[in-house]
Amino acid sequence: MTDEQLIALLKELSLEEKIGQLLQLAAPFFAGTGTEGQITGPMASMGITEDIIKNTGSILGLSGAKETIGAQQAHLKKNRLGIPLLVMADIIHGYKTIFPVPLAIGCSWDLEAAEKSAEIAAAEASAAGVHVSFSPMVDLVRDPRWGRVMETTGEDPYLNAEFAKAFVRGLQGKDLKNDLTRLAACVKHFAAYGAGEGGRDYNTVDMSERQLREYFLPAYKAALEEGAELVMTAFNTVDGIPAAGNKRLMRDLLRKEWGFDGVVISDWGAVKELIPHGVAADEEEAARKAIMAGVDIEMMTTCYENHLKQLVERGEVDETLIDEAVLRILRLKQKLGLFENPYRGADVDRERENVLSAEHRRAARELAVKSSVLLKNEAVLPLKPEQKIALIGPFAQNGDILGPWSWMGSKVDAVQLYDGLKAKVDASRIIVAQGCDIESVTDDQLDEAVRAAREADVIVLALGESSDMSGEAGSRANLRLPQAQLELAAQLKCLGKPMVAVLFNGRPLDLHGVYDLVDAVLEAWYPGTEGGLAIADLLYGDRNPSGRLTMSFPFAVGQVPVYYNNFNTGRPQGAPEAQVRYVSQYLDIPNEPLYSFGYGLSYTTFEYSGESISSDIMTLTQPLTVTVKVANTGKTAGEEVVQLYVRDLAGEVVRPLKELKGFRKILLQPGESREVAFMLTEELLRYHHSDLAFASDDGEFAVFVGPNSRDVLPELSFKLNK
Ligand code: GLC
């Protein structure tokens with residue numbers, strides 16, 4: 001359909017039919033989905049009628065080609081003008097082939113692999129008839145108490161923006177209409193959902209507009225510049241107004257300033273939540289505020305459905321606002337080719353062949369290898385095939401390694417750690433014992449674990465959080481592993497044998513009680529469907545760990561929020577003239593995190609040397625090149641993430657001690673060295689001033705290169721003279 005035809009179609013719609021396009025309901029409301037009639041809980045009290053359903057514009061939460069075809073067929077028979085449903089779902093890190101959680105993918109520092117994971121997820125989900133994915137989630141995070149840190153790529157705006165673009169490229173490809181293996185991307189959650197006070201989900205977000213623009217907005221903007229078709233509003237307030245009713249955030253910034261003309265969808269129930277937030281007295285006011293703010297689709301509540309018509313008839317809402325929203329939705333359906341082919345991509349055969357294919361599993365295993373981070377290794381890894389291993393812990397034989405938002409993935413398909421190890425060595429080399437449950441332990445479990453450990457050369461502890469201890473509404477005030485697991489580790493420590501801890505978790509943890517007891521720590525996150533094989537590849541040295549943290553591990557929860565790109569303060573600890581007491585510090589713990597942004601070890605060693613800068617003056621037309629030589633000085637091939645940081649020594653506002661401005665992940669053979677060059681441009685030095693102007697300043701800058709944000713080489717410096 002041409003745009004003129006879409007506009008003509010819009011004109012044919014009644015007001016009720018237009019309002020129906022602004023509603024998104026879950027699958028159980030629709031015939032043909034196989035889940036119809038399974039309407040429970042809050043859904044049951046929504047008062048949805050057949051009349052409403054036939055006008056509905058989109059559906060979420062489907063499970064397969066047969067169901068989506070069924071739902072679409074049934075809908076097209078009922079909808080007066082045959083307007084097809086948009087089918088949307090959460091395809092966050094895979095559909096049935098589950099990749100590591102996004103926080104793990106971020107730690108791979110591998111943009112191509114991230115893009116590939118999104119492409120595969122789209123290929124599987126599109127075969128199941130999905131049109132739109134509620135991803136990428138690009139909320140910047142600094143607080144590991146929040147359960148959804150697992151869903152982001154971490155604490156740095158530059159890196160998050162790069163990953164946001166990679167995920168959008170993978171999901172949407174280059175020709176959304178004709179490439180039926182792709183999905184439209186819905187970047188979320190707009191905005192700053194990761195900054196909830198206390199790390200408590202859905203909690204208040206309150207920061208200056210400058211802070212919002214400098215750190216929390218860049219990744220959303222990058223996703224939209226890469227072509228993401230939709231935006232999802234966040235649950236939280238932004239400067240006192242919930243995002244779903246925030247005109248300044250959505251109409252002024254997103255639409256006017258950024259020029260976004262795609263579809264805005266509320267998060268689940270976020271329009272009606274304007275009432276408990278206390279900015280709407282009732283559903284009618286919630287509907288008015290949300291449509292005025294620019295929410296096109298109301299997900300799973302019926303404020304629009306129940307009140308927009310009256311608001312228009314009373315002249316309190318201009319019908320053109322509704323027309324604009326409906327036209328954006330019709331244009332999206334057109335972009336996806338749904339008017340020509342309402343069953344776009346849904347294909348039972350392709351679904352059967354495609355899903356969990358050997359190729360997809362290989363890609364998931366590869367990314368799990370690249371996403372794991374070796375945090376500690378005192379000559380105990382890699383394991384030797386001839387060693388007798390005691391595999392002990394609640395994750396020794398546990399399929400709960402897919403992580404949150406893996407709703408179509410099956411734990412049955414997941415390769416557990418024990419299976420992964422048995423794929424490497426004869427089962428007789430491995431003694432397995434549960435040792436404890438996730439949050440409880442019995443004497444019998446401990447006794448069994450000690451017996452197993454006594455027979456072994458090396459103890460491999462498989463510890464972590466069950467996946468429901470993170471994810472949405474999964475905030476934890478205590479960041480340590482559950483006490484039962486710490487007790488297991490302490491008991492086994494008494495045997496005096498080498499111990500390795502493999503961690504399956506969705507957030508940076510306070511690793512006291514683990515890292516200080518064991519000889520090696522491998523952070524596996526939730527590694528996905530192929531997790532057991534990938535971790536076994538790493539433990540036995542068939543692959544060399546290359547992950548680097550993209551979110552700081554705090555020394556203690558009392559340090560939170562702790563992040564690498566912090567400010568110096570007026571009384572920095574350790575400054576030459578610093579006093580012993582009256583400086584910015586804790587009396588009981590260090591200021592530094594336990595493990596810093598960018599940190600990760602390898603089975604080989606890398607040496608940096610010869611760092612240089614092409615000039616000590618940068619102008620608008622003369623960028624600089626920073627080069628450094630990196631050598632693999634060990635006996636094993638390995639990948640290193642060479643990182644470039646910059647510091648603006650005197651800004652118009654305070655500037656971070658370091659800001660990531662470039663990285664390269666390079667593979668070096670033993671003895672091989674390579675010169676790595678980074679281009680530094682004036683654009684990379686721009687920041688938001690106190691008047692929100694985004695610009696660079698003349699002045700002195702320091703440049704750092706190194707393997708992480710802490711262990712950098714001596715600084716280089718230059719001046720910007722514009
Ligand atoms: C949830 C999440 C959002 C998700 C949506 C649909 O509440 O906040 O990320 O896309 O509902 O499942």
Side-chain angles (χ1 to χ4, degrees), residues 23-30 33 35 40-43 46 56-63 85-95 101-103 118 121-122 125 128 130-141 146-153 164 167-168 171 183-196 199-203 205 219-220 223 228-238 242-244 263-274 276-277 295-301 403-409 467-468 470-475 506:
L23 175 60
Q24 179 171 96
L25 293 174
F29 286 102
F30 292 86
T33 59
T35 59
T40 58
M43 287 200 280
M46 287 175 71
T56 302
S58 60
I59 183 173
L60 83 154
L62 276 163
S63 54
L85 285 166
L86 265 173
V87 178
M88 305 195 193
D90 294 284
I91 316 296
I92 311 298
H93 53 109
Y95 178 69
V101 290
L103 184 58
V130 179
H131 305 143
V132 174
S133 174
F134 296 132
S135 65
M137 189 272 218
V138 301
D139 307 326
L140 186 128
V141 288
W146 191 44
R148 297 189 79 163
V149 300
M150 46 60 60
E151 215 174 324
T152 81
T153 48
F167 286 131
V168 170
L171 288 169
L183 303 175
C186 175
V187 64
K188 68 187 185 184
H189 304 78
F190 198 66
Y193 179 29
R200 212 171 73 223
D201 212 341
Y202 318 118
N203 206 3
V205 169
Y220 304 112
E229 294 290 348
L230 300 90
V231 169
M232 181 186 291
T233 70
F235 287 118
N236 52 278
T237 55
V238 178
V263 172
V264 172
I265 182 169
S266 81
D267 200 340
W268 186 297
V271 170
K272 189 172 178 181
E273 287 176 14
L274 296 178
H277 265 298
V295 174
D296 298 322
I297 299 179
E298 178 181 7
M299 185 194 292
M300 277 304 287
T301 48
W405 295 111
S406 54
W407 58 294
M408 284 305 292
S467 55
D468 62 6
S470 58
E472 184 170 354
S475 299

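Keep in mind that the numbers below use all heavy atoms, side chains included, and drop hydrogens, waters and symmetry copies. We count ligands from 1, going down the list as the structure has it; atoms in each ligand are counted the same way.
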In ligand 1, the atoms that come under 4.0 Å of a heavy atom of Phe235 are 7 (O), 8 (O)
Please work out whether any backbone atom (N, CA, C, O) or any side-chain heavy atom from C-beta onward of Met300 is under 4.0 Å from ligand 1, and answer side chain, backbone, both or neither.
neither
Spatial distance of atom CG (Leu60) from atom CZ (Phe134) [nearest 0.5 Å]
5.0 Å
Please could you name the atoms of ligand 1 that His189 approaches to less than 4.0 Å, counting only its heavy atoms?
3 (C), 8 (O), 9 (O)
Using the side chain to side chain contact (heavy atoms under 4.5 Å, CB included) rule, pick out the option among Ile265, Ile59, Val130 that qualifies with Met88.
Ile265
Could you list the atoms of ligand 1 found under 4.0 angstrom from a heavy atom of Trp268?
7 (O), 11 (O)
Residue pair Phe30, Leu85: steps toward the side chain to side chain contact (heavy atoms under 4.5 Å, CB included) verdict
CA-CA 11 Å; Phe30 292 86; Leu85 285 166; 4.0 Å; yes
Identify the protein heavy atom lying closest to atom 4 (C) of ligand 1, giving its residue, its atom name and the separation to 0.1 Å.
Asp90 OD1, 3.2 Å
Could you find the nearest protein heavy atom to atom 1 (C) of ligand 1 and give me its residue, atom name and distance?
Glu472 OE1, 3.2 Å
Considering the heavy atoms of Phe134, write down every atom of ligand 1 situated less than 4.0 Å from one of them.
10 (O)
Parallel, tilted or perpendicular for Tyr95 and Trp407, by the 30°/60° rule?
perpendicular
With sequence neighbours excluded, what pairs up with Ala121 under the side chain to side chain contact (heavy atoms under 4.5 Å, CB included) test?
Ile91
Considering both backbone and side-chain atoms of Glu151, is one of its nitrogen or oxygen atoms within less than 3.5 Å of a nitrogen or oxygen in ligand 1?
no
Indicate yes or no: does an N/O atom of Asp267 lie under 3.5 Å from an N/O atom of ligand 1?
yes
Start with the C-alpha gap between Tyr193 and Trp146, add the side-chain angles, then the distance that decides, and say whether ring-ring contact (aromatic ring centres under 6.0 Å, His included) holds.
CA-CA 10 Å; Tyr193 179 29; Trp146 191 44; 4.8 Å; yes
With sequence neighbours left out, write down each residue that passes side chain to side chain contact (heavy atoms under 4.5 Å, CB included) with Thr237, or none if nothing qualifies.
Thr204, Pro242, His277
Does ligand 1 have an atom under 4.0 Å from some heavy atom of Met232?
yes
For Met137, state whether at least one heavy atom is located under 4.0 Å from any atom of ligand 1.
no
Member of Glu273, Lys188, Met232 meeting the side chain to side chain contact (heavy atoms under 4.5 Å, CB included) criterion with Asp267
Met232
Any N or O on Lys188 sitting closer than 3.5 Å to an N or O of ligand 1?
yes
